[in-house]
2 protein chains.
Amino acid sequence: MFKDSSVTCKNCSCRWPNFDNLTDTQLDLLNGSRFQAKFKPGEIIFKQGSPTSNAIFLTSGFAKLYMEGYDGKNIILAIAKPGRLISGPGTYVDNRHHYSLASLVETTACFVDTSVIKKLVMENNLFAEGYLKDISRKSLDTFHKLLSFSQKKMHGRLAEGLIHLSDDIFESQRFHCYLTRQELGEMTGMTKESVVRLLKEFHDENIIKIEDHIIEIIDKPKLQKIMISG
Amino acid sequence: MFKDSSVTCKNCSCRWPNFDNLTDTQLDLLNGSRFQAKFKPGEIIFKQGSPTSNAIFLTSGFAKLYMEGYDGKNIILAIAKPGRLISGPGTYVDNRHHYSLASLVETTACFVDTSVIKKLVMENNLFAEGYLKDISRKSLDTFHKLLSFSQKKMHGRLAEGLIHLSDDIFESQRFHCYLTRQELGEMTGMTKESVVRLLKEFHDENIIKIEDHIIEIIDKPKLQKIMISG
DNA sequence: AATTAATATTGATTTATATCAACACCCAAA
DNA sequence: TTTGGGTGTTGATATAAATCAATATTAATT
């Protein structure tokens, strides 16, 4: 663990937006109780089943948030990036993580003791409301994913996944996709073989362009059409 | 709309547990701003896309909470019964319902203006925390459902659905299942035809007993085994 | 540089599950 | 009493997607 003293929770450019609701004193409390850590690509930041001792916020990098399923098969629930609270609903249920978090690239993260977050919830209503908003939004995302998984076919789910990565995660038409084919499959509910085949299909139809791990969306309208109809 | 003046939020036996955190004054406020309504079986209580003007609590009956999907296909997210907050995450995101609610049987419900709930969140931290706990638990349920949908096969999902209905919803080994085969399919992610076939299969293997809409779980261990492995 | 281990790719085959079609049943309405 | 829409049931068929298997490629390690 290390701590860069020049950056604090007060001036952090990638802090969780809900921290805007805190007073200076509260931000100081937060800053005083946080620890930073650095992770190499592929390292596990926390593990499903372990205690939710800390709330986690990435300060750089990307990580996958995944559930470990029934016979070694995982499902990726979301890709985490800086500015997002990662602590999981277990915090307010059974103090256990219900999914694991692993870095996709070199990643730095702040750890804040859960009790500090809970204390802030109890003494700052705006912060509590912000927390509710945050968890509500994530809830909607999960509902959407559930609908997508249960009603769309592979084409639609992959198209949706690619657009999500482009719009929300990497924020570019052309991005280095840190996910393996296996992981893309875990994100969109299909096998790695199917991912390969479909990516090739999209490529052949000039919808996307793939060079190794760089994905470029060429024909977004077409991809959106597939996302909606498929 | 009618109002039974003998029952108030103070003495209501099926109120949302989080109301325990309110003061008497707050309970009075709540009680003063609520309206009750009665629904016949199959009636829509609120519709996906409509404004989340009210938080809803059933006081009797059962209702299905479902998303309307892509080509007329629905997915049932949960079965609601008295004691549960039904308002949906949209309340704290975009003020729109992201799923619909329809009664399965004759059902009565209390409507509380969303602004009242939000006011209580802002002035009572314990209540806010209770709300966080509630939404967190529901979040976990959705994660679980997502995992189930993406990794289990039909047998496993149906077994899981039946156990859920028995344990959590109707709280009996033998229950009148108000859901049609179609709805059981929407709940477990399969077609009505598959539901029929599998129910028959479970019946033939003496795992359950079916007489019309009465379902009885005969061999729960076996059903649990199917739920886990399938 | 050599060896191993992960990942990616491709094709052939199998399987789970949806779809389609036909019919029986029951309840509500004309 | 008949009609008709929703529901339930069964069987035959189609199809999406997983699995299996083999090979290619890239990355990691000695």
Interface residues of residues 174-188 of chain A with DNA chain D (non-hydrogen, below 4.0 angstrom): none
For nucleotides 18-24 of chain D, list the nitrogen or oxygen atoms of the protein found under 3.5 Å from its nitrogen or oxygen atoms, one pair per line.
from   : atom 1 : to     : atom 2 : distance (Å)
D/dA18 : OP2    : A/T191 : OG1    : 3.4
D/dA18 : OP2    : A/S194 : OG     : 2.7
D/dT19 : OP1    : A/K73  : NZ     : 3.1
D/dT19 : O4     : A/R197 : NH2    : 3.1
D/dC20 : N4     : A/E193 : OE2    : 3.3

Helical bend (five base pairs per end, nearest 10°) for the helix from C/dA1-D/dT30 to C/dA30-D/dT1: 40°
Residue pairs involving residues 141-152 of chain A (criterion salt bridge (Lys or Arg N to Asp or Glu O under 4.0 Å); sequence neighbours excluded): A/K152-A/E160
Lys/Arg cation over aromatic A/F149: A/R157, 6.0 Å, 45° cone: yes
Side chain to side chain donor-acceptor pair (under 3.5 Å) pairs, two or more places apart, involving residues 189-200 of chain A: A/T191-A/S194
Atom-to-atom span, CG of B/L199 to C1' of D/dT10 - whole angstrom: 14 Å
A/A63 to A/I45 - nearest heavy-atom pair and separation: CB-CD1, 4.3 Å
Residues that B/Y99 engages under ring pair (Phe, Tyr, Trp, His ring centres under 6.0 Å), provided they are two or more places apart: A/F143
Set of residues satisfying side chain to side chain contact (heavy atoms under 4.5 Å, CB included) with respect to B/C12, sequence neighbours excluded: B/V7, B/C14, B/R15
Using a 3.5 Å cut-off and no angle test, enumerate the donor-acceptor pairs between side-chain atoms of residues 50-61 of chain A and protein atoms at least two apart in sequence or in another chain.
from  : atom 1 : to     : atom 2 : distance (Å)
A/S50 : OG     : A/K47  : O      : 2.6
A/S53 : OG     : A/P51  : O      : 3.4
A/T59 : OG1    : A/T108 : O      : 3.2
A/T59 : OG1    : A/T108 : OG1    : 2.7
A/S60 : OG     : A/T108 : N      : 3.4
A/S60 : OG     : A/T108 : OG1    : 2.7

Listing, residues 212-221 of chain B side-chain donor-acceptor contacts under 3.5 Å, not counting sequence neighbours, or none:
from   : atom 1 : to     : atom 2 : distance (Å)
B/H213 : ND1    : B/C177 : O      : 3.0
B/E216 : OE1    : B/R174 : NE     : 3.4
B/D219 : OD1    : B/K222 : N      : 3.3
B/K220 : NZ     : B/D167 : OD1    : 3.0
B/K220 : NZ     : B/D167 : OD2    : 3.2

Where chain A begins and ends its contact with DNA chain C, read 5' to 3' at 4.0 Å from heavy atoms: C/dA8 to C/dA12
Spacing of B/K153 atom NZ relative to D/dA17 atom P, expressed in whole Å: 17 Å
Nearest heavy atoms of A/Q36 and A/C110, plus distance in Å: CG-SG, 3.6 Å
In a table with atom names and distances, give each donor-acceptor pair under 3.5 Å that connects a side chain of residues 70-89 of chain B to protein atoms at least two apart or in another chain.
from  : atom 1 : to     : atom 2 : distance (Å)
B/K81 : NZ     : B/D168 : O      : 2.8
B/K81 : NZ     : B/I169 : O      : 3.3
B/K81 : NZ     : B/E171 : OE2    : 2.4

Contacts of type side chain to side chain contact (heavy atoms under 4.5 Å, CB included), residue A/V105, not counting sequence neighbours: A/F62, A/T107, A/Y178
Whether over 12 other heavy atoms sit under 6.0 Å from B/R137 CZ: no
Separation of atom CZ in A/F149 from atom C1' in D/dA16, rounded to whole Å: 16 Å
Shortest non-hydrogen contact between B/E186 and B/K64, atoms and distance: OE1-NZ, 4.5 Å
